[in-house]
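Below: one structure, written as structure tokens.
In the text below, chain A, chain B and the rest are named by the order of the sequence lines, each starting its count at 1.
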2 protein chains.
Amino acid sequence: MVQLTNQDRALLRVLQEDCRITNQDLAERTGMSTSVCWRRVRALEEAGVISSYVALADPDAADLKFRAIVQVSLARTDTDTVRAFIDEVGQRPEVLQCFAVAGTSDYHLLVMCRDLEEYNRFYDEFLFERSCFGQVSMHLITRTIKSVVKLPV
Amino acid sequence: MVQLTNQDRALLRVLQEDCRITNQDLAERTGMSTSVCWRRVRALEEAGVISSYVALADPDAADLKFRAIVQVSLARTDTDTVRAFIDEVGQRPEVLQCFAVAGTSDYHLLVMCRDLEEYNRFYDEFLFERSCFGQVSMHLITRTIKSVVKLPV
DNA sequence: GGTGAAACTATAACGTT
DNA sequence: AACGTTATAGTTTCACC
């Protein structure tokens, strides 16, 4: 897909808020015919613009009330160390996000656990039981002001 | 909903990865009857454990290649200032996440824009044109190691 | 907790401009 | 080549057992 059209963006804006809408309703809300609507959504899926359709769960309702931003810096930055870190991040379900930021060997992680006890276990297994970390600083999230997955398309 | 059962967790694990699965397939994969499966999913929706069903879009494919973690600290922390900040965060589509962290007057924001130009506009309108900010530090995201919305239930 | 039937929807094949 | 139309198979949803 070379570039998104305004039609595509309109579809994405709706589907990013509610993907259970029927094709007919989606077509109405975006001002296109049902057949065009259906074909464009398909094209967005095949182009990978829409990567999946998922249920969003509420962290509080799912009893994940210990949330933190964890900043870690790798003491060593050789390929093997970095690869092992990335693999582990991918496998840990408690880690929802991990971003590398410019200008440092820092990674910003979003971590969710049930409680402090579970976080401590995570910390011991993942962060402490490794020689690859320089500094680890945990910032407890006290309030979630905003958390959306809708991209500003 | 008092507490999630193992059945509920099984349903959530599947639906958080694919919500277009049919009730029959979902029942098979979670080892319950179709009627029980359907009723429990309904209960999860009504209890707000499942908050919505959405399409996930790929930021690169949607041409949102300027991503940053922005740390801001409020210079003033009176109710009006904080409220205005929270309102603005809610209205800005570029801000996907905003967390308050313990022990500081800091907020961690996840921001996505098309490019630097768009971010500069955002910065000028949102961050600079206000007297309420103490420090603002932007950390450009160079690599997304992981980004999922699936909670570890 | 199971069963079945009705209404609705997705999907693809076929026509049309 | 893009759009509209139609038929059908499949799914959701609800009432009842």
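- Checked for salt-bridge contact, B/Asp60 and B/Arg67 meet the test: a charged N lies under 4.0 Å from a carboxylate O.
- Scored by the side chain to side chain donor-acceptor pair (under 3.5 Å) test, B/Arg114 finds B/Asp63 as partners (sequence neighbours excluded).
- Ion pairing between a basic and an acidic side chain is recognised when a charged N comes within 4.0 Å of a carboxylate O; B/Arg121 and B/Glu125 show no such pairing.
- In the region residues 3-37 of chain A, proximity to DNA chain D at under 4.0 angstrom, judged on heavy atoms, holds for A/Ser33, A/Ser35, A/Val36.
- Under the 4.0 Å criterion applied to side-chain N and carboxylate O atoms, B/Arg13 and B/Glu17 are not assigned as salt-bridge partners.
- Checked against side chain to side chain donor-acceptor pair (under 3.5 Å), A/Lys65 has no partners two or more places apart in sequence or in another chain.
- Taking atom CD of A/Glu45 as the reference point, atom C1' of C/dA10 lies 12 Å away to the nearest angstrom.
- Take B/Tyr119 and apply the ring-ring contact (aromatic ring centres under 6.0 Å, His included) test, not counting sequence neighbours, and it matches B/Phe66, B/Phe122.
- One atom, CH2 of A/Trp38, and another, C1' of C/dC8, lie 17 Å apart when rounded to the nearest Å.
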Expected rows: protein N/O vs nucleotides 15-17 of chain C N/O, under 3.5 Å:
none

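- Taking atom CD on A/Glu46 and atom C1' on C/dT11, their separation rounds to 13 Å, with Å as the unit.
- The other residues sharing a hydrophobic cluster with A/Leu56 are A/Val54, A/Val149, B/Val54, B/Leu56, B/Val149, where clustering joins ILVMFWY side chains under 4.5 Å apart.
- Between the B/Asn23 side chain and the B/Thr34 main chain, a donor and an acceptor come within less than 3.5 Å of each other.
- In terms of phosphate contacts, B/Arg42 brings a side-chain nitrogen or oxygen within less than 4.0 Å of OP1 or OP2 of D/dC14.
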